[in-house]
Student: 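One structure is given below, represented as structure tokens, and several questions about it will come after.
Note that these values count all heavy atoms, side chains included, but never hydrogens, waters or copies made by symmetry.
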Amino acid sequence: MTNRSVPLSLKDFLNAFLPVPRNQKPKRAMATLLKKFSVLKNVKSEDWKEDLIADTFVKIVNSSKLVPGFKLVLSQRRYDANDPTKQKVDGAFFPQAVAPTDGRPHWTEQLVSVEFKKGDTKYDPFEDKANKAMDPDAESRKNVRSQIIGYAEKLFERRPRTHLFMLIVIGRDFRVLRWDRSGVVVTPLIDYVLRPDLLYDFLWRIGRASMVQLGLDPTATLIQPGSDEYKLMDELAEEVATDLVAKRGSIVPNGDENNVFAYVREKFRESLAEDWPRWKLAVPQGDGSMRYFLVGKPAFIAPGLVGRATQGYVAVDPLAEEPKRKFVWLKDAWRTFYNLVEREGVVLKQLKAASVPGIPSLVCHGDLPGQATVTPEIWDKNRKAAEEQRKAPAGKKKGAACKKQKGPVRTAPTTPHAIHPVPATGPSNSSAGAVVPAGPASGTKRRRDEEDCQQELPPPLPGVAGSKADDTEDKCPLRRHFHYRIVVEEVGLSLETFEDGHHLVSVIYDCIGAHKQAAQAGILHRDISGGNILIYPRIVKDPQNPNRNIVMMSGLLTDWELSKDIKVAGPRRARQPERTGTWQYMSVALVNEPTKVVEISDELEAFFHVLLYYAVRYLNSNCKDVPAYMELYFEAYRIFCGRYRCGSLKTFTMTSGELYTSESARSVLRFGSALDHIFRTVLRWLKAHYDVHEDKYIWKGEEDAAPGNTKSDQSERAKCMVAYFDASVDLDEVLDAPAPEAQKILSEQTLKDAQKICVHDNMLALLYCCLTNDSRAKLPSDLRWPERDKVKDRYPDDSPKQLKVAPSGALGTHGDNDSSKRLKSNSGAAVPVQHLPQPPSRSYRSSAGTFDSGFASGSKAIVGSCPP
């Protein structure tokens, strides 16, 4: 989470977040504290080892009873059992009643985490110098920062929290941090040996703060083992013989139509992991009341600390009675605040009112009262204070973000830093049962991904014309988030569970149909991706035998939180400063032109990319190196003249209308089914579309540079040049070239084809005819639908990296640079990103591999060459 740190003085920090309780004042036991900390006063800087600091600090804090009701416990040597990330923070404050004794972190019970570091600046994860960003460049400091971000992410993952506090002790100095889903507020470095009163003030307030003030979510109640609700969850997880099989064409016995599908109960059973707590979560009903649902381990967790932080659960209402008690899908997210953007539940209501098929059925939804991120507010207050300081007459200026103090308190920067927004998001599934991303399999203090990885499209490049980072310094670049929960009836299957190529196309067909009717109702989805297209079993009448029911595995288009009302009067323009979408599937036009308004043609192109992604990855084809193809087509991007552009292979495919198996071989990609006809036809329309709009969406910004001023010595140097060519060469003939055409002449057929990608009906008709083997599709006999064309995943998580690592600092170059770079996706479904994807400073593999370092400056980038 580079550039998301906001400075604040300790005094303002404590008053804002940990106010003194009414009628209470801290007792200043300074003499006692000074005496106890005096044992460290004469310790040499090189002797400030972590163990010495930790042991001394814990002994003093616990023996002085500075935090009544709490105990500071160390855990720097053992990680929690069954934790694949093997992280272990140095220590934490726990409620006295549940303080662990086994030396493990116990992330769920931690209230305030503590990290100890050697007494050296190189271990300080933040910078206090005025007018300088708080994110240091030194590699050792980046490592520490990545480490504590990993801890914060783990704490948010293991327990519902609105925010959390962290204490960092670096030798004889300390900082206090407050994390939320927008960023982190950081106090300046303070010497606690010379100023124990400041440390005492923080600890005293911690001991008297409520659980809500310390960040625990009051709308989440821990379900205790042995309770009635705990036992009910165990009972509902048990296998039931009458559960239905989710398979196309399977027969449903009469009277069993309301039975649970077996895969849903299985997902719920998997969520009841022994090493994961169970919760009762409150969801607003819209009338001021709450409805409660029981959940276990999330089926889906979006990686990353900052952003929407989506988690998805298979949930159950404990108050519903049989047979009405059903499993539902609960999505918990920190939705980004945008003007005029409706909450997802409101959109689903509108779609249902318009009888749009193939969308989730709303149960309840709402923002949780009083739960919003505050880091942007602190940033804005700093900005206003800095502005007042600049306007103040000379000689009357005062510190803004942190009043300057003498002695052992380092002053924080007085102005907001230049922070470019790195928006939200992470993968989001309204109704999917996605796999929880696991961390690295080994390592104790690891470097973690610092963004909502997956992520997001490249952010604005600072200092580059046209960059959103340069729009205005007065606008807060940190996004405000509201805690939001929504419950829908459908618990779907992820798209990769399709049965064969015919089934894959039919699911896409269903979702395009839903998209069409939603657009007719005035709502555009704007985030078509593999993660938002699910498979949902519906029970229908058997067309061969109306007296019985069968299962139809249909498509479900989910996650409408970024949708847009296209009926709103006025000029169409983007309503938020960042581009929305999912990098792997976004149209070339949207990637190359950040100010472009999303249109139906962009959404249909995204459906094309989704179909291609899952076909290449899971179907039999003549593509010999699928990992290389997937990386170059779906993950790559380019930087050209300081602007992020679509990867070369994807651009080449759209503009040439040719689908090749690799970046070099000109062998046409084939699946030996009707998919070949579908891809060939849609690509013809897309090529025509980009032929018409080539200057606008393909080469815009890549025109020849304007001529500069002629140097005065050029004519003199020209006189000294030697003509190495033969004197008999006819220069007039050599230099004679036809003038370039003033305007490209497009054929009538090209213009006609270009229009076909702008409306739904053409693609729907194509897919329908191919799915039904309609003679009008003119399918050759060898291009029908093979029965078993699905194969094992050809792009598994452990696929070797295909692209090479560039020299350090490659992403920091804003000059002429046209190299392709790799943005690695998550496993299963490619990574949904809600805004523009963060350029990866270092490659990160999916849910169980290495992670992006998250630092653009002085880091490494993934590069590779693509077709021109």
Side-chain angles (χ1 to χ4, degrees), residues 246-248 263 300 427 429 432-435 437 454 492-512 528-537 553-558 582-585 606-635 649-650 653 659-662 668-679 682 767 770-771 783-800 802 824-832 845-849:
K247 185 176 179 59
R248 282 190 302 169
Y263 78 88
F300 172 81
N429 277 334
V435 178
Q454 306 225 89
L493 289 162
S494 54
L495 184 55
E496 71 250 28
T497 62
F498 69 88
E499 297 178 19
D500 52 37
H502 185 277
H503 186 206
L504 172 63
V505 175
S506 69
V507 170
I508 300 295
Y509 173 80
D510 291 338
C511 291
I512 295 177
I528 300 302
S529 68
N532 294 338
I533 296 176
L534 305 178
I535 300 174
Y536 184 69
M553 303 297 288
S554 57
L556 190 72
L557 186 57
T558 69
T582 301
W583 174 261
Q584 286 79 8
Y585 313 112
F607 278 115
F608 172 89
H609 296 312
V610 171
L611 180 58
L612 180 62
Y613 181 99
Y614 284 85
V616 173
R617 184 166 181 172
Y618 295 103
L619 294 179
N620 190 29
S621 72
N622 64 334
C623 184
K624 296 181 179 179
D625 194 345
V626 170
Y629 183 90
M630 300 296 283
E631 291 179 1
L632 292 171
Y633 189 101
F634 295 102
E635 320 291 354
L649 181 56
K650 187 174 179 180
T653 303
L659 198 59
Y660 292 133
T661 58
S662 70
V668 176
L669 178 63
R670 299 186 186 280
F671 296 89
S673 72
L675 273 171
D676 295 338
H677 182 67
I678 292 172
F679 287 136
V682 178
L767 299 186
C770 290
L771 287 168
L783 289 185
R784 297 303 170 95
W785 296 104
E787 290 186 3
R788 290 181 291 273
D789 56 348
K790 189 175 182 182
V791 296
K792 187 179 179 181
D793 186 0
R794 304 183 69 189
Y795 187 39
D797 294 345
D798 57 356
S799 300
Q802 303 295 316
K824 196 69 194 78
S825 70
N826 197 5
S827 61
V831 212
R845 174 58 69 179
S846 61
S847 42

Student: Start with the C-alpha distance between Tyr629 and Leu649, add both sets of side-chain angles, then the distance that settles side chain to side chain contact (heavy atoms under 4.5 Å, CB included), and finish with yes or no.
Tutor: CA-CA 9 Å; Tyr629 183 90; Leu649 181 56; 4.2 Å; yes

Student: Could you grab the distance from atom CE of Met630 to atom CG of Asp625, nearest 0.5 Å is fine?
Tutor: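 Reported to 0.5 Å precision, the distance equals 11.5 Å.
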
Student: Can you tell me how far OH of Tyr795 sits from SG of Cys623, rounded to the nearest 0.5 angstrom?
Tutor: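 One gets 12.0 Å once the value is rounded to the nearest 0.5 Å.
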
Student: Working to the nearest 0.5 Å, report the span between OG1 of Thr661 and NZ of Lys624.
Tutor: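 Reported value, rounded in 0.5 Å steps: 8.0 Å.
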
Student: Are side-chain N/O atoms of Arg794 and Ser799 paired as donor and acceptor at under 3.5 Å?
Tutor: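 No, no side-chain donor-acceptor pair sits under 3.5 Å.
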
Student: Between Arg248 and Asp500, is the closest basic N to carboxylate O distance under 4.0 Å?
Tutor: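 Looking at Arg248 together with Asp500, the answer is yes, because their closest N to O distance falls below 4.0 Å.
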
Student: Walk me through whether Asn620 and Arg788 qualify under side chain to side chain contact (heavy atoms under 4.5 Å, CB included).
Tutor: CA-CA 9 Å; Asn620 190 29; Arg788 290 181 291 273; over 6 Å; no

Student: If we check side chain to side chain contact (heavy atoms under 4.5 Å, CB included) with Leu495, which of these qualifies: Val610, Leu556, Leu611?
Tutor: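 One option only clears the test, and that one is Val610.
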
Student: Taking only residues two or more places apart in sequence or in another chain, which ones pass salt bridge (Lys or Arg N to Asp or Glu O under 4.0 Å) with Asp789?
Tutor: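 Once residues adjacent in sequence are excluded, Asp789 has no partner under the salt bridge (Lys or Arg N to Asp or Glu O under 4.0 Å) criterion.
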
Student: Hey, could you give me the CZ/CD1 distance between Phe607 and Ile528, rounded to the nearest 0.5 Å?
Tutor: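 One finds 3.5 Å between CZ of Phe607 and CD1 of Ile528.
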
Student: With side chain to side chain contact (heavy atoms under 4.5 Å, CB included) as the test, would you mind laying out the steps for Leu767 and Ile512 before giving the verdict?
Tutor: CA-CA 10 Å; Leu767 299 186; Ile512 295 177; 3.9 Å; yes

Student: Which atom names give the shortest non-hydrogen contact between Phe634 and His609, and what distance separates them?
Tutor: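 Looks like CE2-O, 3.5 Å.
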
Student: Please give me the minimum heavy-atom distance between Ala674 and Trp785, naming the atom from each residue.
Tutor: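 For Ala674 and Trp785, the tightest heavy-atom pair comes out as CB-CZ2, 3.3 Å.
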
Student: Write down the atom of Leu675, the atom of Val505, and the distance for their closest heavy-atom approach.
Tutor: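 Closest approach of Leu675 to Val505, heavy atoms only: CD2-CG2, 3.6 Å.
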
Student: Within a strict 4.5 Å, meaning less than it, do heavy atoms of the Cys770 and His677 side chains meet?
Tutor: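 Answer yes - side chains close enough.
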
Student: Do Lys790 and Glu499 meet the salt-bridge criterion of a basic N to acidic O distance under 4.0 Å?
Tutor: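 No.
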
Student: Mind checking the CZ-CD1 spacing from Phe498 to Ile533? Nearest 0.5 Å is all I need.
Tutor: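 The distance works out to 12.0 Å.
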
Student: Could you tell me if the side chain of Leu493 sits less than 4.5 Å from the side chain of Tyr263, heavy atoms only?
Tutor: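 Contact flag for Tyr263/Leu493 side chains = yes.
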
Student: Just by modelled atom types, is the Gln584 backbone N or O under 3.5 Å from a matching donor or acceptor in the Thr582 side chain?
Tutor: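 Checking the backbone N and O of Gln584 against the side chain of Thr582, no donor-acceptor pair under 3.5 Å is found.
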
Student: Kindly determine whether Phe679 and Phe671 satisfy ring-ring contact (aromatic ring centres under 6.0 Å, His included), including the steps that lead there.
Tutor: CA-CA 10 Å; Phe679 287 136; Phe671 296 89; 5.6 Å; yes

Student: Once rounded to the nearest 0.5 Å, what's the spacing between atom CG of Leu669 and atom CG of Leu659?
Tutor: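 It comes to 4.5 Å.
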
Student: Determine whether Tyr633 and Leu612 satisfy the following criterion, side chain to side chain contact (heavy atoms under 4.5 Å, CB included), listing intermediate values before the conclusion.
Tutor: CA-CA 10 Å; Tyr633 189 101; Leu612 180 62; 3.5 Å; yes

Student: According to salt bridge (Lys or Arg N to Asp or Glu O under 4.0 Å), who are the partners of Arg670, at least two apart in sequence or on a separate chain?
Tutor: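 Result, salt bridge (Lys or Arg N to Asp or Glu O under 4.0 Å) vs Arg670: none returned.
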
